[in-house]
Amino acid sequence: MARKIDIATYPGNVVNGEFIPTATTRHSIDPATGAPLYEVPVASKQDLDIAVKHARTAFKSWSRISHSERAALLRSFADAIEANQEQLAKLQTMEQGKPVGLANTEITMTLTWLRTFADMQLVDEVLEDTDEKTIYSTRVPLGVVGAVVPWNWPILLGMGKVGPALMTGNVVIMKPSPYTPYCDLKLGELAMDIFPPGVFQVLSGGDELGPWMTSHSGIDMISFTGSIATGKKVAESCAKTLKRYVLELGGNDAAIVCEDVDIDKCLPKIATLAFLNSGQICMLAKRIYVHESIYDQFRDQMVEFTKNNIKTGGGFEDGVIVGPVQNKMQFELVKAMYAEIDKQGWKVALEGRVRETDSKGYFIEPAIIDNPPEDSRIVVEEPFGPIVPLLKWSSEQDVIDRANALETGLGASVWSKDVARAERMARQISAGSVWVNSHFDVAPNVPFGGHKESGIGMEWGLEGFKHFTNSRSLWVWKKVFV
Ligand code: NAD
């Protein structure tokens with residue numbers, strides 16, 4: 001029987017299969033109410049050193065056990081998470097702010113991800129096989145992986161690193177964002193009963209912990225998800241020890257809507273995927289390019305749909321889609337973007353409202369900006385909040401160039417009944433994921449990552465697995481020299 005978690009207690013970091021208390025503790029707040037949440041550990045540099053030492057010991061045996069043994073443990077881990085789903089979803093809403101239905105979706109996705117990873121395997125490739133010799137391309141684990149997790153999707157994005165790292169024979173130290181340490185610490189607690197000590201450890205800490213990990217000589221790889229600015233610092237720091245790294249960074253996805261779409265059918269999906277998780281997802285529709293011949297109708301319908309269906313409120317209220325912005329820093333950034341509306345004189349189709357006077361939470365209602373200049377901040381910067389620009393286009397080549405114009409290249413979509421045309425357009429877009437007649441589809445067996453400044457390397461899929469390994473060419477001469 002899986003352990004039942006108590007979401008109110010955090011006795012320590014999860015190190016070598018035990019709770020290790022830290023000298024100091026801290027807490028985050030519930031972004032919907034401003035109320036303080038529970039005290040969590042703050043790892044010191046010495047705590048990190050100890051976790052790395054245990055990880056290096058654990059790696060020796062974990063890297064040698066069979067794929068089927070690792071898979072069985074990963075499945076047990078998924079079962080333990082499932083047995084605690086209700087409490088974890090509640091905790092995720094308390095710490096992250098997302099509606100509890102979406103928190104449940106995140107956990108259900110996590111279960112699918114972990115169980116699919118358990119079925120996936122990198123196998124040796126035979127490059128040449130003769131009487132004289134066999135040449136294999138084999139993949140070997142890197143060692144200790146530091147998994148650095150953001151605050152917007154802490155369960156899925158954390159486990160999206162841990163699953164592939166463990167299945168490829170690595171051991172992991174996971175570091176949650178200081179804004180959202182709670183569910184990730186509970187996942188570490190559940191793992192205590194399942195994996196051998198030192199295989200999967202969780203360290204909660206302050207702002208210094210990430211840089212300590214990226215510069216630590218005992219960590220072999222950093223799997224990082226977060227902002228572009230931090231990603232560049234991670235790459236710089238990893239360079240000092242020539243660590244491997246995968247960077248999953250910010251995006252500013254274009255959604256291109258062609259003139260032949262059925263607006264009633266595509267609009268609910270596009271509008272929802274502009275505002276889901278209060279706009280705090282890396283791959284949402286963040287620049288919506290609508291063909292000029294249907295622009296006015298699309299805009300008016302999007303405003304109506306958003307007013308009637310995209311409710312803002314606390315994550316435990318019924319029917320809420322837009323919860324609070326997750327933290328004060330992000331709240332200030334999104335507010336600054338809303339302040340640009342008046343400063344720059346952008347036309348608004350739907351005027352979002354910052355609820356500052358009537359709530360302690362970080363609530364901001366959705367805003368739709370009506371055809372702002374292409375070089376305005378709302379078009380060129382990722383807002384990471386519930387505000388989205390609608391833009392007009394007329395020529396196919398022009399809209400593709402505009403979709404490709406930024407330094408980001410995470411996702412993009414093209415919407416048209418003429419699937420061949422949409423696919424032709426999609427193939428001209430530089431992004432790690434491009435969808436025809438959809439947006440934000442993800443799956444554990446499908447590689448996920450960014451072009452240009454949206455990232456380096458891929459996660460998920462066998463392609464993602466490979467990033468947790470070194471390539472080793474193995475030449476086996478059978479008799480010529482012996
Ligand atoms: P962030 O870059 O501020 O923080 C991410 C993580 O890095 C946190 O755990 C943080 O504590 C840690 N960190 C901060 N400074 C560090 C440093 N110098 N060295 C090492 N670690 C450090 O990002 P965030 O604000 O938590 O997340 C939002 C951003 O993440 C957005 O830009 C979003 O688009 C991006 N994101 C990308 C993906 C993706 O898969 N491409 C997914 C989700 C979010």
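Note that these values count all heavy atoms, side chains included, but never hydrogens, waters or copies made by symmetry. In listed order, ligands and their atoms are each counted from 1. Positions are given from 1, in the same order as the sequence printed here.
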Practice problem: Would you please test Glu86 and Lys90 for salt bridge (Lys or Arg N to Asp or Glu O under 4.0 Å) and show each step? | Solution: CA-CA 6 Å; Glu86 198 184 330; Lys90 183 178 166 197; over 6 Å; no
Exercise. Please assess Lys360 against Asp30 for the test salt bridge (Lys or Arg N to Asp or Glu O under 4.0 Å), listing each intermediate value before the final yes or no.
Key: CA-CA 10 Å; Lys360 281 200 177 140; Asp30 179 338; over 6 Å; no
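With hydrogens left out, the protein atom closest to atom 21 (N) of ligand 1 is Gly210 CA, 3.5 Å, a heavy atom. What sits closest to atom 15 (N) of ligand 1 on the protein, heavy atoms only, is Thr230 CG2, 3.2 Å. The protein atom (non-hydrogen) at minimum distance from atom 7 (O) of ligand 1 is Phe224 CE1, 3.1 Å. Scanning the protein for heavy atoms near atom 44 (C) of ligand 1, the closest one is Asn152 ND2, 3.4 Å. Val148 CG1, 3.7 Å is the protein heavy atom nearest to atom 12 (C) of ligand 1. Of the protein's non-hydrogen atoms, Val149 O, 2.7 Å is the one closest to atom 9 (O) of ligand 1. Looking from atom 32 (O) of ligand 1 to the surrounding protein, the closest heavy atom is Glu382 OE1, 2.9 Å.
Between Glu382 and Lys286 the shortest heavy-atom distance is OE2-NZ, 2.7 Å. Nearest heavy atoms, Glu106 versus Pro154: OE2-N, 3.4 Å. Here the closest non-hydrogen pair linking Pro444 and Phe117 is O-CE2, 3.5 Å. Shown here for Lys243 and His216, the closest heavy-atom pair between the two residues is NZ-O, 2.6 Å.
Close N/O approach between Leu157 and ligand 1 is not found [any backbone or side-chain N/O within under 3.5 Å]. At least one N or O atom of Lys175, backbone or side chain, sits closer than 3.5 Å to an N or O atom of ligand 1. Checked by distance only, ligand 1 and Ser454 stay at 3.5 Å or farther apart across all their nitrogen or oxygen atoms. Between Trp151 and ligand 1, a contact under 3.5 Å exists for at least one N or O pair. Checked by distance only, ligand 1 and Thr225 stay at 3.5 Å or farther apart across all their nitrogen or oxygen atoms. No N or O atom of Thr214 sits closer than 3.5 Å to an N or O atom of ligand 1.
Of the possible polar contacts, one joining the Arg287 side chain to the Asn252 backbone as a donor-acceptor pair under 3.5 Å is found.
Using 4.0 Å as the threshold, Pro178 has a heavy atom nearer than that to some atom of ligand 1.
The heavy atom nearest to atom 37 (C) of ligand 1, out of those in Leu156, Ile228, Leu249, Val246, is found in Leu249. Of all the listed residues (Ser237, Ser433, Gly226), Gly226 holds the heavy atom that lies closest to atom 35 (C) of ligand 1. With Gly205, Cys238, Ser227 as candidates, the residue nearest to atom 1 (P) of ligand 1 on a non-hydrogen basis is Ser227. Among Pro150, Gly206, Pro211, the residue whose heavy atom lies nearest to atom 17 (C) of ligand 1 is Pro211.
A tilted orientation is assigned to the rings of Phe331 and Tyr362, their planes being inclined by 30° to 60°.
Distance check, rounded to the nearest 0.5 Å: CG of Asn13 to CD1 of Ile20 gives 9.0 Å.
Counting non-hydrogen atoms of neighbouring residues, nucleotides and ligands closer than 6.0 angstrom, the CD atom of Glu332 exceeds 12 such neighbours.
Between Thr9 and Phe19, every side-chain heavy-atom pair lies at or beyond the 4.5 Å cut-off.
There is a protein heavy atom less than 4.0 angstrom from atom 41 (N) of ligand 1.
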